[in-house]
Every structure is written in C-alpha cells, then in structure tokens.
**Student:** 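Below is one structure. I have some questions about it.
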Amino acid sequence: MQSFDLQRKSKELLTRLDDYVKGHFEQLEAGFLDCFSEYCDKIYQMQQKGEKGAIAYIHFSVLRTNILLKKHEIRMDAYDENWYMDSVECSGKYPVGEFYSYLEEYGDMVEELRRSSMGKVSLAKAQERVFDESNYYLFFVAELIRIGMRKAVRTEAYERIARTPCFIVCIGGFMDRFDILYKEDHTVKDGKEVKRCLQSGDRRLFSYEINENLDLSKGNYEELEFQYSSFSGCDFTKSNWNKGRLLFCNFQNTILRNAKMEKMKIFDTDFSGATLENVSFSGGKLKHVSFAGATLSGVDFSNALVAEEIDFQDARIVDCNLPKNAAVPSRKESG
C-alpha cells in the first residue's frame with residue numbers, strides 16, 4: 001500500500017476537517033446539545049416508569065461495524081453503577097456525519113489502493129488502517145462533546161435525570177477502554193486522605209479530580225499535573241506547587257496564602273473569587289487564566305511569561321508585581 005499517498009491524504013483530510021470544525025463550531029455544538037437533550041429525555045422517561053435507576057455513566061461508543069458500513073453515528077449508552085453489567089439497556093444514537101464523511105473519503109482511497117495492489121494487501125489489513133485513522137476523527141468528536149457538556153449540564157433535560165453521586169460521561173470503543181469527557185463527584189471526601197493520595201508519589205498526572213471545599217493546606221504538590229480538575233473552595237495555605245501544571249482546572253474561591261507556584265504552566269484555569277496572598281508565579285507560563293473578582297496581595301508575576309488573556313476584571317490588587325502586558329484591573333489599589 002502506498003503509505004506516502006495515504007499520509008498525504010490523511011493530512012489533507014484532517015486539515016479540511018479542522019477548518020470545517022472551526023468554521024461551523026456553533027452549529028456542531030448546537031447539534032450535539034439537541035441530540036444529547038433528546039437522549040436525556042429518554043433516560044428521564046425510563047426513570048419515571050421505574051425502568052431505570054440513577055445513572056452513573058453515559059458512554060459514547062464507536063462501533064467498528066459502523067465505520068465499515070459507512071454508518072456515521074456513535075452509540076450512546078446510560079449505565080447504572082454496575083457499568084456494563086447493567087441489565088436494562090438505554091441506548092441512543094449521535095450522528096457524526098460532518099466528521100466521519102472525511103474518514104469515509106480516506107477509506108475509499110485505502111480500498112482503491114488495496115484493489116490495485118493485486119492481492120498484496122489483505123482486506124483485514126486495509127480495514128485496520130481505516131480503524132487506526134478513525135482515532136484522529138474520534139478526537140474531534142470527543143473535544144466537541146467535552147466542550148458541549150459545559151452547556152449541556154445547564155439544560156433542563158440534563159438536570160432532571162437522576163444521577164449517582166459520582167457521574168461520568170466518557171467516550172471510547174464499545175465495552176472497551178475509554179476517556180473521560182465530563183465528571184461530577186459529590187461523594188464526601190476527607191481532606192487528609194485526599195492530600196495523602198496526591199502526595200503519595202504513585203502518580204504525577206491527575207485527570208478529572210473533583211476535590212472541593214477541603215483543607216489541603218501545607219501540601220506538597222510540586223511537579224504534579226492536573227487536567228480538567230476542580231479544587232473550588234479549597235484551602236491551599238503554605239502549599240508548594242512549583243514546576244507543576246494546571247490545564248483546564250477550577251480554582252474558584254480557593255485560598256492560596258504563602259503558596260509557592262513558581263515555574264508552573266497554567267493554561268485555561270479559573271482563579272476567580274480566590275484569595276492569593278504572598279504567592280509567587282515567578283518564571284511560570286500562563287495562558288487564558290482568570291483572576292476575575294479575586295483578591296491578590298503581594299503576588300509576584302516577575303519573569304512569568306503571560307501568553308494570552310489574563311483576566312483581572314474586578315480583582316482587588318494590593319502591592320503586586322503584575323505582568324507587563326496585563327490589562328489594568330478596574331479595582332487595582334496599588335502595586
């Protein structure tokens with residue numbers, strides 16, 4: 001099989017898809033929200049009839065048979081805490097033709113090259129090539145769902161379905177490994193136990209950690225990376241975050257007093273309403289970070305690379321060393 005031609009075709013199609021998604025994102029998001037709300041209505045109706053209990057998982061599944069049949073849809077399944085052992089099926093369909101039509105074009109080229117190979121390339125090998133390529137397309141779908149869930153959770157259809165204290169929306173193969181796209185966790189947690197887990201050294205990367213309104217002060221979180229995690233309302237007094245990473249995290253209304261946050265990479269993270277006193281971000285890199293409505297006293301951003309959009313709107317700022325290119329906050333008092 002002519003790998004060079006396929007690589008070139010792959011890059012061309014993914015570039016076209018990327019351009020399409022960027023140009024039609026609102027339309028694609030609206031389509032997802034309509035589909036997801038309709039599916040939530042189905043779950044709710046089954047719950048009202050006593051056919052379905054509280055939901056612990058909603059799984060978006062990619063079926064290989066659909067790819068082979070050029071059936072551009074992803075299966076949705078709602079499960080209780082028994083996961084795949086849930087005996088009551090509640091499935092739906094999410095159409096993804098806008099994404100997978102490009103994959104179909106790639107598959108047509110694979111089939112054309114297979115036929116021209118005069119038997120040198122088996123059907124199974126050609127199909128596996130398409131399956132491997134489909135992972136790139138799944139990434140686009142996953143990101144749309146991940147972003148779309150921010151609005152979906154505020155819809156009436158979603159709010160009225162009964163969910164378990166820990167609820168997950170995920171995507172992957174049918175009854176196979178998956179990636180989390182959204183998580184709620186209202187289970188009662190012990191601050192000491194959470195801090196012990198984070199400091200254990202067993203892991204460096206944490207995703208979708210939901211630890212809110214806990215005393216996590218005096219903790220050593222140096223060089224840890226958190227993705228899509230929430231620590232809203234936590235107390236991080238005298239904590240060490242040096243050389244760590246925060247990606248798409250929620251630090252709303254947290255307390256950060258005498259905290260070390262030097263040489264960190266902080267992207268798309270929300271510190272709105274937080275209290276920061278004697279905190280150093282020196283030598284770090286910040287991009288799309290919000291300190292809206294926060295109180296900053298003695299906060300040092302010296303030698304920090306501020307890439308884009310640091311929001312200090314309505315922040316109370318006292319004796320701080322702000323980034324040179326930061327917009328002047330409306331409530332800046334000194335510094």
**Student:** Go through the steps for S61 and L63 under the test side-chain contact (heavy atoms from CB on, under 4.5 Å), then give the verdict.
**Tutor:** CA-CA 6 Å; S61 300; L63 279 68; 4.1 Å; yes
**Student:** Applying a strict under-4.5 Å side-chain criterion to I, L, V, M, F, W and Y, I'd like to know whether Y84 and I168 cluster together.
**Tutor:**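 Same cluster.
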**Student:** Donor-acceptor pairs under 3.5 angstrom involving side-chain atoms of residues 131-138: please list them, not counting sequence neighbours.
**Tutor:**
{"from": "E133", "atom 1": "OE2", "to": "S10", "atom 2": "OG", "distance (Å)": "2.4"}
{"from": "S134", "atom 1": "OG", "to": "F131", "atom 2": "O", "distance (Å)": "2.5"}
{"from": "N135", "atom 1": "ND2", "to": "D132", "atom 2": "O", "distance (Å)": "3.4"}

**Student:** Please report the closest heavy-atom contact between S37 and A157, naming both atoms and the distance.
**Tutor:** O-CB, 3.6 Å
**Student:** Give me the other members of the hydrophobic cluster that M46 sits in, counting Ile, Leu, Val, Met, Phe, Trp and Tyr linked by side-chain heavy atoms under 4.5 Å, directly or via other members.
**Tutor:**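 Traced through the cluster, M46 reaches V88.
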**Student:** Can you check whether M85's main-chain N or O pairs, donor with acceptor, with N82's side chain at less than 3.5 Å?
**Tutor:** no
**Student:** Verify the cluster assignment for L216 and I255: are they in a single hydrophobic cluster under the rule of side-chain heavy atoms below 4.5 Å apart?
**Tutor:**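 Result: no, two separate clusters.
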**Student:** Under the criterion side-chain contact (heavy atoms from CB on, under 4.5 Å), I'd like the reasoning laid out for H59 against C170: C-alpha separation, chi angles, the key distance, then a yes or no.
**Tutor:** CA-CA 5 Å; H59 189 188; C170 53; 3.7 Å; yes
**Student:** Kindly confirm or rule out a cation-pi arrangement of R163 over Y57, judged by NZ or CZ under 6.0 Å from the six-membered ring centre and within 45° of its axis?
**Tutor:** no
**Student:** Are the side chain of R154 and the backbone of R150 linked by a donor-acceptor contact shorter than 3.5 Å?
**Tutor:** yes
**Student:** Determine the minimum heavy-atom distance between V279 and L256, stating which atoms define it.
**Tutor:**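 Here V279 and L256 meet closest at CG2-O, 3.1 Å.
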**Student:** Decide yes or no on side chain to side chain donor-acceptor pair (under 3.5 Å) for N220 and Q199, but give the supporting numbers first.
**Tutor:** CA-CA 6 Å; N220 182 18; Q199 296 180 132; 5.8 Å; no
**Student:** Does some side-chain heavy atom of R316 sit less than 4.5 Å from a side-chain heavy atom of L296?
**Tutor:**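 In short, these two side chains do not touch, never coming nearer than 4.5 Å.
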**Student:** Please test W241 against E262 for side-chain contact (heavy atoms from CB on, under 4.5 Å), starting from the C-alpha separation and ending with a verdict.
**Tutor:** CA-CA 7 Å; W241 296 80; E262 298 181 352; over 6 Å; no
**Student:** Within the 4.5 Å heavy-atom criterion, are Y39 and C90 side-chain neighbours or not?
**Tutor:**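 Y39 vs C90: side chains touch.
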**Student:** For the OG1 atom of T254 and the CD atom of E212, what is their distance to the nearest 0.5 Å?
**Tutor:**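 If we round to the nearest 0.5 Å, T254:OG1 and E212:CD are 11.5 Å apart.
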**Student:** Side chain to side chain donor-acceptor pair (under 3.5 Å) between Q227 and E225: does it pass, once the steps are laid out?
**Tutor:** CA-CA 7 Å; Q227 301 177 354; E225 178 174 343; 2.8 Å; yes
**Student:** Please work out whether the ring planes of F291 and F312 are parallel, tilted or perpendicular, with thresholds of 30° and 60°.
**Tutor:**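 Parallel: the ring planes of F291 and F312 meet at under 30°.
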**Student:** Please step through side-chain contact (heavy atoms from CB on, under 4.5 Å) for the pair V169 and M149, ending with a clear verdict.
**Tutor:** CA-CA 9 Å; V169 175; M149 284 303 302; 3.9 Å; yes
**Student:** About how many Å separate OG1 of T269 and CE of M264, when rounded to the nearest 0.5 Å?
**Tutor:**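 Answer for the CE-OG1 pair, M264 versus T269, is 8.0 Å.
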**Student:** Is there a side chain to side chain donor-acceptor pair (under 3.5 Å) between N258 and N278 once you walk through the steps?
**Tutor:** CA-CA 5 Å; N258 302 309; N278 301 319; 3.2 Å; yes
**Student:** In Å, rounded to the nearest 0.5 Å, how long is the span from OG of S230 to CD of E209?
**Tutor:**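 Between S230 OG and E209 CD, I get 11.0 Å after rounding to 0.5 Å.
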**Student:** Indicate yes or no: does K195 engage D215 in a salt bridge with an N to O separation below 4.0 Å.
**Tutor:**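 No, this pair does not count.
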**Student:** In plain terms, say whether K52 and E89 are close enough for a salt bridge, that is, a side-chain N and a carboxylate O under 4.0 Å apart.
**Tutor:** no
**Student:** Spell out, yes or no, whether L103 and L68 are grouped together once hydrophobic residues are joined by side-chain heavy atoms under 4.5 Å, including indirect joins.
**Tutor:** yes
**Student:** Give me the atom names and distance for the closest heavy-atom approach of M76 to C35.
**Tutor:**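 It is CE-SG, 3.8 Å.
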**Student:** Examine L33 and I171 and state if one hydrophobic cluster contains both, with Ile, Leu, Val, Met, Phe, Trp and Tyr joined whenever side-chain heavy atoms are less than 4.5 Å apart.
**Tutor:** yes
**Student:** Output the distance between atom CG (L214) and atom NZ (K192), rounded to the nearest 0.5 Å.
**Tutor:** 12.5 Å
**Student:** Can you see which heavy atom on R257 is nearest to which on T275, and at what distance?
**Tutor:**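 For R257 and T275, the tightest heavy-atom pair comes out as NH2-CG2, 4.1 Å.
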**Student:** Got a second to check how far K265's NZ is from K285's NZ, nearest 0.5 Å?
**Tutor:** 6.5 Å
**Student:** Hey, what do you get for NZ (K22) to CG (D18), rounding to the nearest 0.5 Å?
**Tutor:** 4.0 Å
**Student:** Parallel, tilted or perpendicular: which fits the ring planes of Y102 and Y20, with parallel below 30° and perpendicular above 60°?
**Tutor:** tilted
**Student:** Is there a path from F140 to F25 through hydrophobic residues (I, L, V, M, F, W, Y) whose side chains come within less than 4.5 Å of each other?
**Tutor:** yes
**Student:** Determine whether Y79 and I55 make a side-chain contact, defined as any pair of heavy atoms from C-beta on separated by less than 4.5 Å.
**Tutor:** no
**Student:** Please name the pair of heavy atoms, one in K189 and one in V194, separated by the smallest distance, quoted to 0.1 Å.
**Tutor:**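 The pair with the smallest heavy-atom distance is CB-CG2, 4.2 Å.
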**Student:** Please check if the side chain of S239 supplies one atom and the backbone of K218 the other of a donor-acceptor pair under 3.5 Å.
**Tutor:** no
**Student:** Please give me the minimum heavy-atom distance between I310 and H288, naming the atom from each residue.
**Tutor:**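 Scanning both residues, the minimum pair turns out to be CD1-N, 4.3 Å.
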**Student:** Check residues 94-101 and write down every donor-acceptor pair under 3.5 Å in which the side-chain atom is one partner and the other belongs to a residue at least two apart or another chain.
**Tutor:**
{"from": "S101", "atom 1": "OG", "to": "G97", "atom 2": "O", "distance (Å)": "3.1"}

**Student:** Report the residue from F248, Y228, F167, F226 that forms a ring-ring contact (aromatic ring centres under 6.0 Å, His included) with Y208.
**Tutor:**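 Output: one option passes, namely Y228.
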**Student:** Classify the ring geometry of F36 against F60: parallel below 30°, tilted from 30° to 60°, perpendicular beyond 60°.
**Tutor:**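 Because their plane-to-plane angle is under 30°, the rings of F36 and F60 count as parallel.
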**Student:** For N242 and E222, does a side-chain donor sit closer than 3.5 Å to a side-chain acceptor?
**Tutor:** no
